[in-house]
Amino acid sequence: MQELSALNERLVAIKKEIEEGSANLENSRAVYEYKKNVMDGKSGLIGSLMKGMKDIPKESRGDYGKLVNELKTWAQALFDELDVALKAKEMDAKYASEKIDITMPAEENVSGNLHPITQMRNQLIDIFASMGFDVFEGTEIENDYYNFTALNTPADHPARDMQDTFYLSPEFLLRTQTSAGQIHVMEAQKPPIKIVSPGKVFRSDDDATHSPMFTQLEGLVVDKGITLCDLKGMLDLFVQRIFGEEVKTRLRPSYFPFTEPSVEVDCSCFSCGGTGCKLCKGTGWIEVLGAGVVNKKVLENCGIDSDEYSGFAFGIGIERAAMLKYGINNIKHLFESDLRVLSQLNDND
Ligand code: PHE
């Protein structure tokens with residue numbers, strides 16, 4: 001019996017120690033660690049009590065075990081309670097830290113847009129690609145032969161004056177027209193040919209509607225039996241796609257050394273529908289591109305039999321198309337990188 005009264009005293013002391021020890025625990029993890037220590041079979045305050053069992057006389061062992069078990073149950077309940085309380089506190093803290101104020105104004109998501117020239121170029125390529133055209137990328141530096149001579153514009157030809165050229169050397173120049181690409185394509189490829197070729201071109205020219213560097217998209221179709229009617233049909237479809245369903249085209253006689261006949265292509269004004277407005281300068285028509293039937297001499301220069309094959313070509317000024325489409329009155333807006341202007345010109349929204 002002596003052992004039991006000594007045990008009772010121990011149990012009171014252990015309870016006190018556990019109460020004090022657990023009073024300072026700050027989180028559920030600490031409760032878990034503390035409980036593990038207390039219950040530990042070797043060194044734990046409660047765990048080690050069982051080890052003392054062997055020193056207890058047989059007749060007292062039952063009572064001893066009961067007391068120790070009661071203490072265990074008591075401690076377990078204490079830890080459970082603490083665990084629940086601390087976990088609740090932790091959840092509260094977590095919720096508080098993750099709280100979202102749904103009335104807070106959202107951060108503005110500023111995203112850029114493609115440059116209007118790029119948008120227009122992509123739209124043109126999409127339209128022509130859907131008609132089966134391949135894309136050919138030419139080079140900005142050309143030699144005199146590809147930019148002029150092969151395009152039926154020999155050195156003394158007056159048409160050279162139409163395009164004031166930046167020469168890099170007597171032989172090399174900055175291409176004045178993407179038409180130079182026609183020659184590369186026809187030299188490399190036998191008909192049927194159906195390509196568009198977008199790219200920068202350069203001319204010593206500078207006013208409200210002209211820039212020394214601008215962008216063109218060339219088109220070339222060569223096959224058996226191609227006529228001006230094929231060009232007209234394709235252009236009708238093209239202007240409808242780019243400017244609107246109701247837009248029509250008309251051809252006016254023009255001159256380019258590399259096409260015969262040559263035409264200037266107008267489309268009916270998509271702003272007023274043809275009755276006359278500021279955009280079409282009261283005429284009802286807007287000039288959109290130059291085109292024509294490929295001159296036989298150009299085909300022959302590229303080794304293509306002009307009796308067997310014929311073709312048409314066209315050249316679109318991409319800045320001009322963008323200015324018409326977006327209602328821009330000065331080409332400088334397209335080159336000044338002013339975001340106040342450029343961000344308004346977005347077809348991708
Ligand atoms: N290269 C001509 C220009 O820059 C446009 C054009 C291309 C005309 C193809 C006819 C055929 O003015």
Side-chain angles (χ1 to χ4, degrees), residues 117 121 124 128 133 135-136 138-140 142 144-154 157-166 173-186 193-207 209-223 226-232 234-235 238-239 249-267 286-299 301-302 304 306 309-323 331:
I117 296 302
R121 192 194 60 198
L124 294 173
F128 286 110
F133 284 77
V135 175
F136 170 79
T139 52
E140 289 168 12
E142 275 293 357
D144 196 271
Y145 177 77
Y146 286 97
N147 195 80
F148 288 125
T149 310
L151 287 161
N152 194 33
T153 322
H157 198 290
R160 287 211 180 192
D161 295 344
M162 287 163 75
Q163 302 176 359
D164 223 338
T165 310
F166 292 113
L173 47 83
L174 295 177
R175 68 175 168 193
T176 60
Q177 49 189 352
T178 44
S179 304
Q182 287 188 30
I183 306 301
H184 288 289
V185 171
M186 286 191 281
I193 291 169
K194 202 172 178 188
I195 59 104
V196 284
S197 182
K200 291 183 181 128
V201 298
F202 307 83
R203 291 179 201 177
S204 181
D205 210 352
D206 199 3
D207 61 31
T209 53
H210 295 88
S211 152
M213 188 279 291
F214 63 104
T215 325
Q216 288 187 325
L217 180 113
E218 189 83 9
L220 174 70
V221 174
V222 182
D223 204 348
I226 298 288
T227 71
L228 198 65
C229 292
D230 297 303
L231 171 68
K232 168 89 168 123
M234 186 222 68
L235 288 170
F238 163 68
V239 295
T249 61
R250 77 172 180 188
L251 307 182
R252 276 182 296 113
S254 184
Y255 176 77
F256 300 103
F258 36 89
T259 47
E260 181 58 36
S262 300
V263 292
E264 215 55 78
V265 180
D266 295 343
C267 69
I286 299 172
E287 185 183 317
V288 280
L289 57 97
V293 172
V294 180
N295 193 314
K296 279 176 172 260
K297 284 190 191 156
V298 175
L299 294 176
N301 285 343
C302 301
I304 294 175
S306 63
Y309 292 104
S310 57
F312 66 72
F314 56 92
I316 306 168
I318 297 185
E319 283 76 7
R320 186 170 160 70
M323 287 169 79
I331 196 167

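Ligands are counted one by one from 1 in listed order, and the atoms in each one are counted from 1 as well.
Looking at ligand 1, you won't find any N or O of Glu218 less than 3.5 Å from one of its N or O atoms. Among the atoms of Gln216, some N or O lies under 3.5 angstrom from an N or O of ligand 1. Checked against a 3.5 angstrom limit, the closest N/O atoms of Gln182 and ligand 1 fall outside it.
Two residues are said to be in side-chain contact when any heavy atoms from C-beta on lie closer than 4.5 Å; Val201 and Phe214 meet this criterion. The shortest side-chain heavy-atom distance between Val288 and Arg320 does not fall under the 4.5 Å cut-off. With a 4.5 Å cut-off on side-chain heavy atoms, Leu251 and Leu235 count as touching.
Listed by first then second residue, pairs satisfying salt bridge (Lys or Arg N to Asp or Glu O under 4.0 Å) with a partner in residues 196-205 number zero, not counting sequence neighbours.
Atom numbering of ligand 1 starts at 1 in the shown order; those under 4.0 Å from a heavy atom of Phe314 are 7 (C), 9 (C), 11 (C). When each atom of ligand 1 is checked for a heavy atom of Arg203 under 4.0 Å away, the hits are 3 (C), 4 (O), 12 (O). Contact atoms of ligand 1 toward Gly290: 6 (C), 8 (C), 10 (C) (distance under 4.0 Å to a heavy atom of the residue). The ligand atoms of ligand 1 that sit less than 4.0 angstrom from a heavy atom of Ala313 are 9 (C), 11 (C). For ligand 1, the atoms sitting less than 4.0 Å from at least one non-hydrogen atom of Ala291 are 8 (C), 10 (C), 11 (C), numbered in the order shown with element in parentheses. Proximity to Ser179 (heavy-atom distance under 4.0 Å) selects the following atoms of ligand 1: 1 (N), 7 (C).
Counting only N and O atoms by type, the side chains of Gln177 and Gln216 include no donor and acceptor under 3.5 Å apart.
Contact annotation: Phe258 has at least one heavy atom less than 4.0 Å from an atom of ligand 1. In this structure, Arg175 does not count as a contact residue of ligand 1, since none of its heavy atoms falls inside 4.0 Å of the ligand.
Between Tyr146 and His184, the ring planes lie parallel to each other; the angle is under 30°, not in the 30° to 60° tilted range. Using the six-membered ring where Trp is involved, Tyr255 and His157 have ring planes that are parallel, under 30° apart on the 30 and 60° scheme.
Between Lys297 and Glu260 there is no salt bridge, since no side-chain nitrogen of the basic residue lies less than 4.0 Å from a carboxylate oxygen of the acidic one.
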